[in-house]
Amino acid sequence: MGNKNGSSETLSNETITLLMQKTGMPKYEVELWYKAISDRSSKGTLSKKQMISIYKDMSDLDSTRISDVVDALEKVFDEDNSGSVDVNEFMRGFILTTKGDLESKIDYTFRLYDENNDNKISGEEIRKMANAITRMLGGNGTGSDEACCAIIHQFLKQFTGNHNGVIHRHDFIETVMQNRELLSVLSPFYGID
């Protein structure tokens, strides 16, 4: 696996510390979550089907959005780019998106849209973000409709640090934290406590 944060089959101290710090969960609760998730894994890794099942059974995420969310989360959760998601990686992502503080949820939302991990959303990433949002709002999500173009322009106006059609990570987090309507449209994790 090559997971820098611990073996895929044991709960790492780094994962425990991070989750306790970001969620306020006590250590025993983090360990209970680990056991519940680990029991569903295949030798310490999770398939897409297993991740969908966990989200359906263990989160308040809208069930109609789970498959799309897991598609996007798979790359975000695979922190070491090994091509698979191990239990520690999934624990950090799942707990932060379901139990984490608002800033952690917004940061994960940013990472969903920042496909090349350059800490900014630009060009094709903005178009894909707008397409995903129009699909969530009932549009066709192909980018060919006026609604998609309007959303792109509206988003770019929202972000105060917008430089030539680029949304930087810190601007995204700051702007979305201040605008709950924008948050509810952008983030599949908003409202999950």
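Hydrogens, waters and symmetry mates play no part in the numbers below; they use all other heavy atoms, side chains included.
In this structure, the side chains of Ser67 and Lys48 come closer than 4.5 Å at one or more pairs of heavy atoms. At a threshold of 4.5 Å between non-hydrogen side-chain atoms, the residues Lys56 and Met51 do not count as touching. Proximity of His170 to Ile173: side-chain heavy atoms (C-beta onward) are nowhere separated by under 4.5 Å. Side-chain contact between Phe110 and Ile106 is absent, with no heavy atoms from C-beta onward closer than 4.5 Å. Residues Lys120 and Arg169 form no side-chain contact, since every pair of their non-hydrogen atoms from C-beta on lies 4.5 Å or further apart. Side-chain contact between Val166 and Ile121 is absent, with no heavy atoms from C-beta onward closer than 4.5 Å. Proximity of Ile37 to Ile54: side-chain heavy atoms (C-beta onward) are separated by under 4.5 Å at one or more points.
In the model, Ser104 has no side-chain atom that pairs as donor or acceptor with a side-chain atom of Asp107 under 3.5 Å. Residues Gln50 and Ser41 bring no donor and acceptor atom of their side chains to less than 3.5 Å of each other.
For Asp86 (side chain) and Phe90 (main-chain N/O), no donor-acceptor pair under 3.5 Å exists by modelled atom type. Remark: the backbone N or O of Gly83 is paired with a side-chain donor or acceptor of Asp78 at under 3.5 angstrom. Of the possible polar contacts, none joining the Thr15 side chain to the Leu11 backbone as a donor-acceptor pair under 3.5 Å is found. A side-chain donor-acceptor contact under 3.5 Å links Glu89 to the backbone of Asp80. Checked by atom type and distance alone, the side chain of Asn88 pairs as donor or acceptor with a backbone atom of Thr10 at under 3.5 Å. Judged by distance alone, with hydrogens and angles left aside, the side-chain atoms of Thr45 form a donor-acceptor pair with the main-chain N or O of Ser42 at under 3.5 Å. Remark: the backbone N or O of Lys49 is not paired with any side-chain donor or acceptor of Ser53 at under 3.5 angstrom. With hydrogens and angles disregarded, a donor-acceptor distance shorter than 3.5 Å links the side chain of Glu125 to the backbone of Ser122.
To the nearest 0.5 Å, atom CE of residue Met91 and atom CG of residue Leu18 are 10.0 Å apart. Separating the CD atom in Glu174 from the CD atom in Glu103 is a distance of 10.0 Å, to the nearest 0.5 Å. Here Leu32 contributes atom CG and Tyr28 contributes atom OH; the two are 8.0 Å apart, rounded to the nearest 0.5 Å. Interatomic distance, Glu29 CD to Glu31 CD, rounded to the nearest 0.5 Å: 11.0 Å.
Residues passing the salt bridge (Lys or Arg N to Asp or Glu O under 4.0 Å) test with Arg111, sequence neighbours excluded: none. Under the salt bridge (Lys or Arg N to Asp or Glu O under 4.0 Å) criterion, Lys22 pairs with no residue at all, not counting sequence neighbours.
If you chain together hydrophobic residues whose side chains sit under 4.5 Å apart, Met20 and Leu96 fall into the same group.
Look at Glu14 and Arg92 and you find no salt bridge, because none of the NZ, NE, NH1 or NH2 atoms lies under 4.0 Å from a carboxylate O.
Here the closest non-hydrogen pair linking Asn119 and Asp114 is N-OD2, 2.9 Å. Residues Ser82 and Ser84 approach most closely at OG-O, 3.1 Å, considering heavy atoms.
Taking the six-membered ring for Trp and the full ring otherwise, Tyr55 and Phe94 have centroids separated by under 6.0 Å.
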